[in-house]
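To keep things clear, I will list the structure first and then write my remarks on it.
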Number of protein chains: 2
Amino acid sequence: MSSSRPRRDFPNAEHDHSHCAAHALGQADLICEARGVRLTEIRRRVLEVIWDSHVPIGAYDILAKLNAGGGRSAPMAVYRALDFLIENGLVHRIDSRNAFFGCSHPEEPHRAQFLICNVCSAVAELDSEALHETVRRTARTKGFRVENVVIEASGRCPNCARKSAP
Amino acid sequence: MSSSRPRRDFPNAEHDHSHCAAHALGQADLICEARGVRLTEIRRRVLEVIWDSHVPIGAYDILAKLNAGGGRSAPMAVYRALDFLIENGLVHRIDSRNAFFGCSHPEEPHRAQFLICNVCSAVAELDSEALHETVRRTARTKGFRVENVVIEASGRCPNCARKSAP
DNA sequence: TGCGAAATGTGATATTATAACATACTAAGG
DNA sequence: CCTTAGTATGTTATAATATCACATTTCGCA
Ligand SMILES: [Zn+2]
Ligand SMILES: [Zn+2]
Ligand SMILES: [Zn+2]
Ligand SMILES: [Zn+2]
């Protein structure tokens, strides 16, 4: 019995990321529709920009991409869109990088843990309830009632590990 | 079999924190001496300020306390001291708060995990090799070679949990 | 259409962190 | 002692990240 449900693995070199992005956007539409929340223009564009990047992207980099075509958005617009996207589980924040990353399985709320490559910045999202439970249980032994857990491992992704030290 | 070695628990209300601080400073002197690194004036004062606080403290709050007595230090001085203290395991950075916290057992380098109270900001430091190993092992199944792990749980410390929902 | 709530625009400002270069201190060898 | 190379600190400016406060617009609905 493993409660670990891997969702977004490290991409192989050839994968068509635009396909991932398109799928994610479609999912987002459906999810927001179903929940009765509005994926407005700016929110959708921020989500697009996030998915256009295959690595976590900072708020001001998102802003720059939004404005690349002559736009005039301000930081607040991005942060507000991010608030919405995170609240609705469409995007995750990577605390150790001050950066944002599209969730690949936003249909249901979930715990997430991240593996972040120090070389190429690729991210894999884990969804190990076991890991989360281990933290919760350990905390419990100290009388601590867990509300949220941040787990972010950095290191070498499979691709970069192969290159550096076979 | 538990490889969990709890070190800094949540303090009870009456504990004499100045004693903790004094002990930590003494330890720091010994450790730096033993390692042949210099706990200079500013580094020691930053460590003092960090221990004066019983909760994680931000770099600019450290700066303000340094300068409270008419000092004129600049941010760089604080960040450089923090670099040193972190590198030598005397201080931990709490990524989810952009804040710094004195390590209670710096004698030997170690993995650390943190429990952070959302109400009073109290922190307990865990040192569970088991937890770390679980992350490493889970990552391994995806071909990821872990170099560093951030585990930070937020929630209610025993004191605050008791008050809010018995 | 008109209203209240939600969303966005706008400008200023807060907070956190680093770059670049000058100066001062320290320890070791001659 | 004196030089010198390395370490540490001072100083100024700036980068990067994030929020506040208030005006305006848009949306859903009565
Ligand atoms: Zn996710
Ligand atoms: Zn990589
Ligand atoms: Zn520690
Ligand atoms: Zn508390």
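Chain naming here is simple, since letters A, B, ... match the order of the sequence lines and numbering starts at 1 in each.
Ion pairing between B:Arg97 and B:Asp95 fails under the 4.0 Å rule for side-chain N and carboxylate O.
Protein atom CG of A:Leu82 is 15 Å distant from nucleotide atom C1' of C:dA7, rounded to whole Å. Computed from coordinates, the A:Leu63 CG to C:dT10 P distance equals 13 Å when rounded to whole Å. When the C1' atom of D:dC27 is taken as reference, atom CD of A:Glu41 falls 15 Å away, rounded to whole Å. As rounded to whole Å, 18 Å separates atom P of D:dT7 from atom CG of B:Leu39. Computed from coordinates, the B:Arg44 CZ to D:dT9 C1' distance equals 19 Å when rounded to whole Å. Rounded to whole Å, the distance from CG on A:Asp95 to P on C:dA17 is 12 Å. Going from atom CG of B:Asp61 over to atom P of C:dA14 covers 15 Å, rounded to whole Å. B:Arg43 places its CZ atom 10 Å from the C1' atom of D:dT9, with the value rounded to the nearest Å.
Within 3.5 Å, a donor on the side chain of A:Tyr60 pairs with an acceptor on the base of D:dA18, or the reverse.
Remark: B:Thr40 is in phosphate contact with D:dT9, judged by side-chain N or O atoms under 4.0 Å from OP1 or OP2. Between A:Arg38 and C:dA5 there is no side-chain N or O to OP1 or OP2 distance below 4.0 Å.
The only member of B:Thr138, B:Val135, B:Thr141 that meets side-chain contact (heavy atoms from CB on, under 4.5 Å) when paired with A:Leu126 is B:Thr138.
For A:Asn98, the listed nucleotide lying nearest its side chain is D:dT17; candidates were D:dT17, D:dG28, D:dT9. Taking the side chain of B:Tyr79 as heavy atoms from C-beta on, and the options D:dA8, D:dA18, C:dT16, the nearest nucleotide is C:dT16.
Atom CD in A:Glu152 sits 3.5 Å away from atom OG in A:Ser96 (nearest 0.5 Å).
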Take A:His110 and A:His92 through the test ring pair (Phe, Tyr, Trp, His ring centres under 6.0 Å) and record every step on the way to the result.
CA-CA 11 Å; A:His110 57 274; A:His92 293 295; 5.2 Å; yes

Apply side chain to side chain contact (heavy atoms under 4.5 Å, CB included) to residues B:Arg38 and B:Glu33 and explain how you reach the verdict.
CA-CA 7 Å; B:Arg38 295 165 53 205; B:Glu33 170 77 33; over 6 Å; no

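If you check every strand for non-hydrogen atoms under 4.0 Å, B:Arg45 touches nothing. Contact annotation for A:Arg97: no contact, since no heavy-atom pair falls under 4.0 Å across all strands.
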Please tabulate, one pair per line, each protein N/O and nucleotide N/O from nucleotides 10-12 of chain D that are separated by under 3.5 Å, including the distance.
| from | atom 1 | to | atom 2 | distance (Å) |
| --- | --- | --- | --- | --- |
| D:dG10 | N7 | B:Arg80 | NH2 | 2.5 |
| D:dG10 | O6 | B:Arg80 | NH1 | 3.2 |
| D:dG10 | O6 | B:Arg80 | NH2 | 3.3 |

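The heavy-atom pair separating A:Gly155 from B:Phe144 by the smallest distance is N-CZ, 3.2 Å.
At least one donor-acceptor pair closer than 3.5 Å links the side chain of B:Asn67 to the backbone N or O of B:Ser73.
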